[in-house]
Amino acid sequence: METFTIKDIARELNISTSTVSRALRGSYEINPETKRLVMECAARLNYRPNPIALSLKGSASRAIGVIVPQIANYFFSQAINGIEAIAYNRGYHVIIFQSQESYEREVANVQQASSRKVDGLLISLSSETSDVSHLKDLQEKNVPLVLFDRVSPELEATQIVADNFGGAFSATEHLIQSGRRRIAHLTIQPWLSITRERLAGYRAALEKYGLEFDDTLVRYGTFGSDEVGPMVDELMRLESPPDAFFTASDRLAVGCLQALRQRQLQIPEDVSLIGFTNLNVADLLDPSLSTVVQPATEIGQVAAERLIDLIERKQRALPIETVKIPTELIVRSSTRLSGQQQPLSVART
């Protein structure tokens with residue numbers, strides 16, 4: 001298979017190799033039209049940067065580390081796809097680590113990434129991580145760092161997240177507008193950023209509609225395979241049991257659906273169910289599952305772009321900030337009563 005180089009692109013467009021190089025790096029010095037022509041030509045020639053050759057030009061490894069809690073989680077697999085697409089086009093390798101929801105393993109992953117001399121690190125915190133001193137140590141070594149999805153306010157770093165508050169607000173508001181008043185919320189560890197933001201959105205929607213927040217309707221879980229059933233049992237034994245469930249993760253959504261069906265509760269006739277999930281089979285479940293979908297691929301792409309910009313120390317690099325990307329509310333059968341003529345809808349929040 002023929003390999004094309006920057007020289008081939010330059011020859012094709014009758015411009016200098018340095019212009020092509022800067023355009024491929026996204027340099028602000030190159031005008032948008034030239035960038036467009038270069039990128040189109042690169043795609044047509046199937047040009048791909050050679051990370052090994054690039055690394056020989058300096059001390060950079062042309063590699064970035066990515067630490068996620070679990071690759072098997074569909075959200076993180078989508079995010080990794082976004083990260084790799086950007087990194088590949090910018091001439092970087094991606095080294096992926098899994099913390100498996102363990103703080104100790106996360107610390108070991110950070111140390112391993114550092115020992116491999118990665119040029120920068122992308123990380124989504126494990127469910128056990130409340131102490132981020134290992135990441136502060138990394139920053140003191142001047143290793144560029146960007147967090148995504150599960151982040152920490154204790155770090156002065158760019159953080160790329162979904163609009164967790166807005167998504168949770170929309171999900172809860174949808175349930176209320178569907179006639180539900182006792183809405184249970186199943187979520188994960190209370191110290192995680194996504195937990196706090198989604199709980200806040202849930203509470204804000206209740207407040208908007210004059211419904212009192214009842215902490216007995218909130219359950220915090222970990223990532224055990226058999227924990228959702230007991231949660232459902234406890235909630236349904238309450239004097240005023242829930243008439244809807246809002247779950248904050250893929251695992252909780254599927255576990256809750258299974259538990260409700262095992263207890264012969266009809267969905268949505270007896271209880272409605274909506275999840276904060278990126279499951280690609282949500283519409284194939286029985287009943288099809290209403291969901292708040294996070295823009296996982298976009299989050300990965302933006303995180304990778306911001307990290308690489310930070311690595312390359314561009315003069316016009318964006319300042320440290322939290323970038324919040326909208327979610328989508330997709331209404332399906334699990335929240336639609338048979339008597340309601342409620343069409344399938346998609347709302348961006």
Side-chain angles (χ1 to χ4, degrees), residues 74-75 161-188 194-215 217-219 228 231-232 235-236 240-261 265-296 324-349:
Y74 193 62
F75 169 84
V161 298
D163 183 3
N164 292 296
F165 178 94
F169 183 95
S170 293
T172 308
E173 181 177 56
H174 165 64
L175 292 171
I176 295 169
Q177 291 177 343
S178 300
R180 304 302 182 174
R181 294 295 180 268
R182 294 280 293 169
I183 302 169
H185 182 40
L186 306 186
T187 188
I188 51 179
I194 57 174
T195 301
R196 296 194 304 269
E197 291 163 6
R198 293 171 191 178
L199 181 61
Y202 161 79
R203 294 188 67 160
L206 294 178
E207 182 178 349
K208 176 182 175 179
Y209 289 89
L211 299 177
E212 183 178 354
F213 171 71
D214 183 351
D215 59 6
L217 291 175
V218 178
R219 291 291 186 277
V228 182
M231 288 183 188
V232 170
L235 289 162
M236 297 309 295
S240 297
D243 55 15
F245 286 81
F246 166 39
T247 64
S249 73
D250 290 341
R251 180 193 57 76
L252 290 172
V254 173
C256 190
L257 176 63
Q258 181 181 22
L260 293 171
R261 293 188 64 182
L265 290 164
Q266 299 300 308
I267 307 169
E269 290 79 9
D270 297 329
V271 290
S272 288
L273 173 62
I274 191 167
F276 215 113
T277 172
N278 277 60
L279 286 173
N280 63 342
V281 295
D283 59 332
L284 302 179
L285 299 173
D286 184 22
S288 59
L289 182 64
S290 293
T291 57
V292 176
V293 179
Q294 302 171 85
K324 194 172 293 185
I325 302 177
T327 58
E328 289 182 331
L329 170 65
I330 302 180
V331 178
R332 300 190 179 94
S333 299
S334 67
T335 59
R336 187 186 303 128
L337 294 175
S338 58
Q340 292 178 320
Q341 298 301 313
Q342 185 180 5
L344 178 69
S345 63
V346 178
R348 203 150 166 84
T349 62

- Report the residues that fulfil side-chain contact (heavy atoms from CB on, under 4.5 Å) with Ala204, sequence neighbours left out, ordered by chain and then residue number. Phe165, Phe169

- Flag side-chain contact, heavy atom, 4.5 Å: Thr172 against Tyr209: no

- Non-neighbouring partners of Phe246 that pass ring pair (Phe, Tyr, Trp, His ring centres under 6.0 Å), sequence neighbours left out: His185

- Task: Could you grab the distance from atom OG1 of Thr187 to atom OH of Tyr202, nearest 0.5 Å is fine?
- Result: 11.0 Å

- State which residues pass side-chain contact (heavy atoms from CB on, under 4.5 Å) with Gln266; sequence neighbours excluded, sorted by chain then number. Glu269, Asp270

- Roughly how far, to the nearest 0.5 Å, is CZ of Phe245 from CG of Leu265? 7.5 Å

- Query: Is there a side-chain contact between Arg332 and Asp283 (heavy atoms, below 4.5 Å)?
  - Reply: yes

- Message: I'd like to know if the side chain of Arg219 reaches the main chain of Ala184, judged simply by a donor and an acceptor atom lying under 3.5 Å from each other, with no hydrogens or angles considered.
- Response: no

- Message: How long is the straight-line distance from CE of Met236 back to CG of Leu260, given to the nearest 0.5 Å?
- Response: 7.5 Å

- Note on the structure: Hits for side-chain contact (heavy atoms from CB on, under 4.5 Å) against Arg181, two or more places apart or cross-chain, chain-then-number order -> Ile176, Leu211, Asp243

- Roughly how far, to the nearest 0.5 Å, is the OG atom of Ser170 from the CD1 atom of Ile330? 12.5 Å

- From Leu273 atom CG to Leu257 atom CG, the distance as rounded to the nearest 0.5 Å: 6.0 Å

- Query: Out of curiosity, Arg198 CZ to Ile188 CD1, how far, rounded to the nearest 0.5 Å?
  - Reply: 7.0 Å

- salt bridge (Lys or Arg N to Asp or Glu O under 4.0 Å) partners of Arg203, counting only residues at least two apart: none

- Query: Do any N or O atoms from the side chain of Ser334 and from the backbone of Ser290 form a donor-acceptor pair under 3.5 angstrom?
  - Reply: yes

- Message: With heavy-atom distances below 4.5 Å as the criterion, would you say the side chains of His174 and Val331 are in contact?
- Response: yes

- Item | Which residues share a side-chain contact (heavy atoms from CB on, under 4.5 Å) with Asp214, sequence neighbours left out | Arg182, Thr216, Leu217

- Note on the structure: Test side-chain contact (heavy atoms from CB on, under 4.5 Å), reference Gln294, set Thr277, Asn278, Asp163, output is Asn278

- Within the distance-only criterion (no hydrogens, no angle test), does the side chain of Ser288 pair as donor or acceptor with the backbone N or O of Ser333 below 3.5 angstrom? yes

